[in-house]
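Below is one structure, written out as structure tokens; comments come after it.
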Amino acid sequence: MLQKSHDDAMANAPSPLPEGIALLQDPALNKGTAFTEAERDTLHLRGLLPPHVSSQEQQLGRVLENFRRQSSDLEKYINLRALHDRNEALFFRLLMDHPDEMMPIVYTPTVGLACQRYTHIFQRPGGIFISAADRGRVAEVLANWPRREVAIIVVSDGERILGLGDLGANGMGIPVGKLSLYTACAGVLPNACLPVLLDVGTNNSELLDDPLYIGLHQSRVRGEEYDALVEEFVVAASKLFPGVVIQFEDFATHNAFRLLRKYRDRIPTFNDDIQGTAAVVLAGLLSALRVTGGALGEQTLLFQGAGEAATGIADLMVEAMVAKGMDEAQARRRCWLFDSRGLVVKQRTDLAAHKQPYAHDHPAVGSLLDAVKALRPTAIIGVAAVGGAFTEDVVRTMASLNKRPIVYALSNPTSKSECTATQAYRWSDGRVLFACGSPFDPVTLGGRSFVPRQGNNSYIFPGVGLGVIVSGASRVTDEMFMAAAHTLAEQVKEDDLQQGSLYPPLKNIRDVSAHIAAAVAAVAYRRGLAPGPEPVDLLGFVKSQMYEPRYANYVSG
């Protein structure tokens, strides 16, 4: 069961409560200048703090002023990480009260730059590093984590960080950032979150040549040795933290699919790049269809990309079409992939297994523009991190084929975006239904203002994780992601659609996550994957379990 406030965290505080400097150095317990007069006397803090007792609101004003004073997004990222390391409750209060301003810094797109520079801005680990040298003692390494109430782990091996490739141990920024969003967006207690980086080396020569690089200075481990380390980690984590949910994050395609297949029927686990991305794109498409009036089974989808994100989205789209009564083979024919070698067609002999279900009979096509002209898609979805792939010709052709073309430029960070919001709206004369992977400012065109919103996985994975945790589900299923997608689409209001937004505003993210968590938990109870009975008011129960970053009262008076 989750704990819903900083007061509840006291249940897991060390006994006796630390005092003096030790208390101020514990970010989970520290209140900084908000310690009361009585607390300062009883807990030996007198003189260790300036004399004025501040409210959390006053502290929030101070840190917000300091945050906005930073000269770059990377400096803002470092500023937020430092705040998290000294006062956890204040950090999450800041994120929850200012999501539009903070989320692009704590996660995409800034986290990509932070990972690239991680070695040179490193201050505190924020999670557990498990290296290839730890084979045979992974359980011992995990046991060094000071908390035992861990309910969710986000783990990466750093091989495919966003659209930036192999960043090795620098990839720790991703699990740290993801778990910050679990708390900020869905109210998962910070103490229940554990970031893990599996350091199996890196093939990034720049990192290997950097004497300051914090990871193993060796090429990546592959094959049986790699699999044995992952297996040892999964077994140790499941034993040390019974029922823990493990989210695999930013693994390369050749590992992502097979690890998901290997573990999904053993433990509660999912891959956000495959399943979370699929759910958020399906939700956006359902929103777009409220504008176009078409049915899902009538769409032709062309993916710029053929990796884990593209095939994961396609798989969920097929499931959604089949759920509406469509034949599976027909549904698959509605989904087309385009990779670095051109259109994925049956005649090609170079196709990996995950691409083959979407390899259809069709002549070879070498360019994305020619693929658009040949297939006449209603939607193009960019998930290959090829910056600028949606050229003016591509978007204008989409607009000539469709009254309301659907264009999703979902790759991040911003440098990898297939096109910008301004380009999409201008090239389509304002008719595009657009979603993006990185944040873009509103666009004014022809006297009308368009508000593009990110098709960001943060709309999906925090709510899914919360639903699995609160229900105690033993598995994470595709049906849960289908329910999450439909629930997210339901949270989009007519006012959102009128301004071109296919997702709800970030200010509503906690309410959105609560509804998604309830939908996911309902699937778990319905399918017998969670111990019953199901709460009568499931949404109310979910909300009652969500963490609020309020300070605890350590001393009465």
Side-chain angles (χ1 to χ4, degrees), residues 1-4 151-152 181-183 185-189 192-193 242-247 260 264-272 274-287 290 296 312-313 315-325 457-493 503-504 508-547:
M1 202 67 67
L2 295 181
Q3 297 137 331
K4 55 186 178 180
I152 187 157
L181 298 188
Y182 266 106
T183 299
C185 299
V188 177
L189 191 76
C193 300
V244 68
V245 182
I246 298 179
Q247 174 181 325
L260 180 61
R264 65 183 306 169
D265 293 325
R266 284 176 49 183
I267 60 171
T269 187
F270 65 96
N271 184 301
D272 185 52
I274 299 173
Q275 297 159 288
T277 301
V280 78
V281 174
L282 174 58
L285 186 57
L286 293 173
S287 296
R290 288 165 56 185
L296 184 62
I313 298 167
D315 287 346
L316 195 64
M317 293 294 180
V318 169
E319 285 191 40
M321 293 178 193
V322 170
K324 293 292 185 180
N457 292 15
S458 60
Y459 281 115
I460 292 290
F461 70 81
V464 170
L466 177 64
V468 174
I469 293 169
V470 299
S471 66
S474 60
R475 299 291 181 271
V476 184
T477 67
D478 288 338
E479 186 181 2
M480 293 175 181
F481 283 96
M482 185 78 73
H486 282 277
T487 302
L488 174 58
E490 291 166 2
Q491 302 304 306
V492 179
K493 309 305 181 187
Y503 297 96
N508 297 345
I509 189 66
R510 279 172 64 86
D511 191 57
V512 170
S513 294
H515 280 84
I516 289 175
V520 167
V523 172
Y525 287 116
R526 186 166 62 248
R527 298 304 181 194
L529 297 172
E534 178 180 340
V536 175
D537 179 6
L538 188 51
L539 178 60
F541 173 71
V542 166
K543 289 184 176 181
S544 75
Q545 299 301 300
M546 295 173 72
Y547 165 79

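The first residue of the sequence shown is numbered 1, and numbering continues consecutively from there. What you are looking at is a predicted structure, and each value in this text was computed from that prediction instead of being measured.
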Measuring from atom OG1 of T183 to atom CE of M546, what distance do you get when rounded to the nearest 0.5 angstrom? 10.5 Å
About how many Å separate CZ of F461 and OG1 of T277, when rounded to the nearest 0.5 Å? 10.0 Å
Heavy atoms only: give me the nearest A186-L466 pair and the separation to one decimal. O-CD2, 3.2 Å
Compare every heavy atom of S458 with every heavy atom of I509, then report the nearest pair and how far apart it is. CD1-O, 3.7 Å
Please assess E479 against R526 for the test side-chain contact (heavy atoms from CB on, under 4.5 Å), listing each intermediate value before the final yes or no. CA-CA 11 Å; E479 186 181 2; R526 186 166 62 248; 3.3 Å; yes
Side-chain donor/acceptor of Y459 to backbone N/O of P504, under 3.5 Å: yes
Would you name the heavy atoms of A485 and A283 that are closest together and state the gap between them? O-CB, 3.3 Å
Are R264 and D478 within salt-bridge range, i.e. N to O under 4.0 Å? yes
Residues which pass salt bridge (Lys or Arg N to Asp or Glu O under 4.0 Å) with R475, listed by chain and number, not counting sequence neighbours: none
Output yes when a side-chain donor or acceptor of S513 lies under 3.5 Å from a complementary backbone atom of C185, and no otherwise. yes
Under the side-chain contact (heavy atoms from CB on, under 4.5 Å) criterion, do L282 and E319 qualify, and how do the steps go? CA-CA 11 Å; L282 174 58; E319 285 191 40; over 6 Å; no
Over all atoms of both residues, closest heavy-atom pair of T487 and I516: CG2-N, 3.8 Å
Roughly how far, to the nearest 0.5 Å, is CG of L296 from CE of M317? 6.5 Å
Contact summary for P268 and V468, nearest pair of heavy atoms: CB-CG1, 4.3 Å
I want to check something: taking the side chain as every heavy atom from C-beta on, are I469 and Q545 in contact at a cut-off of under 4.5 Å? no
Taking the side chain as every heavy atom from C-beta outward, state whether D511 and Q491 have any pair of such atoms under 4.5 Å apart. yes
Quick one: closest heavy-atom pair of S471 and A521, and the distance? CB-CB, 3.9 Å
Rounded distance (nearest 0.5 Å) linking atom CD1 of I274 with atom CZ of F481: 10.0 Å
Not counting sequence neighbours, list each pair that qualifies as a salt bridge (charged side-chain N to carboxylate O under 4.0 Å, His left out) and has a residue in residues 480-489. none
For a 4.5 angstrom cut-off between non-hydrogen side-chain atoms, does V476 reach Q247? no
So, Y525 side chain and P535 main chain: donor-acceptor pair closer than 3.5 Å or not? no
When rounded to the nearest 0.5 angstrom, what is the spacing between CD in Q275 and OG1 in T477? 9.0 Å
Interatomic spacing from CG in L538 to NZ in K543 - rounded to 0.5 Å: 11.5 Å
